Amino acid sequence: MSEAALALTAIVRTFRQAGNDLHVLRGASLTIAQGEVVALVGPSGAGKSTFLHIAGLLERPTSGEVIVAGEKCAGLSDDRRTALRRNAIGFVYQFHHLLPEFSAIENVVLPQMIAGVTKSAARTRASELLARVGLAARESHRPAKLSGGEQQRVAIARALANAPSVLIADEPTGNLDQETAGRVFDMLLEVVRDTGVGALVATHNHDLAARMDRTLVLRNGVLETA
């Protein structure tokens with residue numbers, strides 16, 4: 001059996017606030033297979049963003065283990081965590097965060113060059129990814145010349161630029177109207193299935209959550225099956 005794309009085991013995250021301990025995560029566990037899309041839902045303030053930050057190696061848990069593409073992360077140095085985050089994890093946020101002075105293709109080229117890919121190879125892959133998300137004719141356009149849905153599709157292509165094992169998406173369609181959100185999500189699901197990346201998608205949209213392989217609810221610091 002192939003190794004999991006992402007696994008989190010007994011994740012605890014406690015913050016010190018005004019002299020008291022605030023227990024945000026109380027032993028949350030999750031395993032995502034390659035090519036699986038998992039929805040993460042829960043009320044505001046439940047700790048979804050904290051959980052995503054820990055899953056994406058942006059934050060360390062108080063205790064527990066994160067395993068990305070088979071590599072245990074608890075004892076890793078900051079440099080190794082940065083390298084793993086750059087090469088094995090792709091991020092998509094509610095707002096696209098594209099660099100406004102660069103074209104669509106340049107936004108997808110840059111993370112590859114940072115990872116050490118040659119400009120020529122990076123441009124070839126960027127062009128292929130933009131074609132896959134339906135933007136072959138728009139790759140030379142800067143973000144200001146793209147619609148909201150197109151900008152988010154560029155952001156998805158950028159997240160996949162370094163062929164990650166894991167895609168972490170935080171409300172990836174939350175800034176789009178319902179029709180555009182549906183089209184972008186269709187494309188996201190298709191690309192995830194085609195590439196075999198494991199995806200964790202936080203959303204408040206229960207219609208979108210119902211279309212994923214399974215839905216987990218973050219409640220009282222632990223994950224439960226919806």
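Residue numbers start at 1 and run along the sequence shown. Bear in mind the structure is a predicted one, so any value in this text is a computation, not a measurement.
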### Message
With a 4.0 Å cut-off on N to O distance, would you call K72 and E65 a salt bridge?
### Response
no
### Task
Provide the closest heavy-atom pair for A55 versus L200 in the form atom of the first, atom of the second, distance.
CB-CD2, 4.4 Å
### Task
Salt-bridge test for D177 and R183: reply yes if a basic N is under 4.0 Å from a carboxylate O, no otherwise.
no
### Message
Looking at every heavy atom in both P111 and R158, which two are closest together, and how far apart are they?
### Response
CG-CG, 3.8 Å
### All pairs passing ring pair (Phe, Tyr, Trp, His ring centres under 6.0 Å) where residues 97-133 contributes a residue, at least two apart
Y93-H97
## Note on the structure
Of all heavy-atom pairs linking A209 and V41, the shortest is CB-CG1, 4.2 Å
### Close side-chain approach of M113 and V117, heavy atoms under 4.5 Å
no
### Message
Is it the case that over 12 heavy atoms from other parts of the model lie below 6.0 angstrom from the CD atom of Q178?
### Response
no
### Task
Evaluate the side-chain proximity of Q152 to L188: yes if any heavy-atom separation is below 4.5 Å, no if none is.
no
#### Entry: Closest non-hydrogen atom pair between L84 and C73, with its separation
CD2-SG, 3.6 Å
### Query
Just wondering, do L25 and V12 contact through their side chains at under 4.5 Å, heavy atoms?
no
#### Entry: SB check R138 E150 (cutoff 4.0 Å)
yes
### Message
If you count heavy atoms of other groups shown closer than 6.0 angstrom to CG of N220, is the number above 12?
### Response
no
### P172 side chain reached by V184 side chain, heavy atoms, under 4.5 Å
no
### Task
Looking only at non-hydrogen atoms, find the nearest pair between F91 and L167 and report the distance.
N-CD1, 4.4 Å
### Query
Which atom pair, heavy atoms only, marks the closest approach of P143 to N107?
CG-ND2, 4.3 Å
### Message
Closer than 4.0 angstrom, basic N to acidic O: yes or no for E36 and R214?
### Response
yes
### Message
I'd like to check Q112 versus V108 (side-chain heavy atoms, cut-off strictly below 4.5 Å). Are they in contact?
### Response
yes
### Query
Between F15 and R13, is there a cation-pi geometry (under 6.0 Å to ring centre, at most 45° from the normal)?
yes
### Message
By the definition side-chain contact (heavy atoms from CB on, under 4.5 Å), identify the one residue from L208, V201, T180, V92 that meets it with T173.
### Response
L208
### Sequence neighbours excluded, every pair satisfying side chain to side chain donor-acceptor pair (under 3.5 Å) that has a member inside residues 77-89
R60-D78, E71-R80, T82-R85
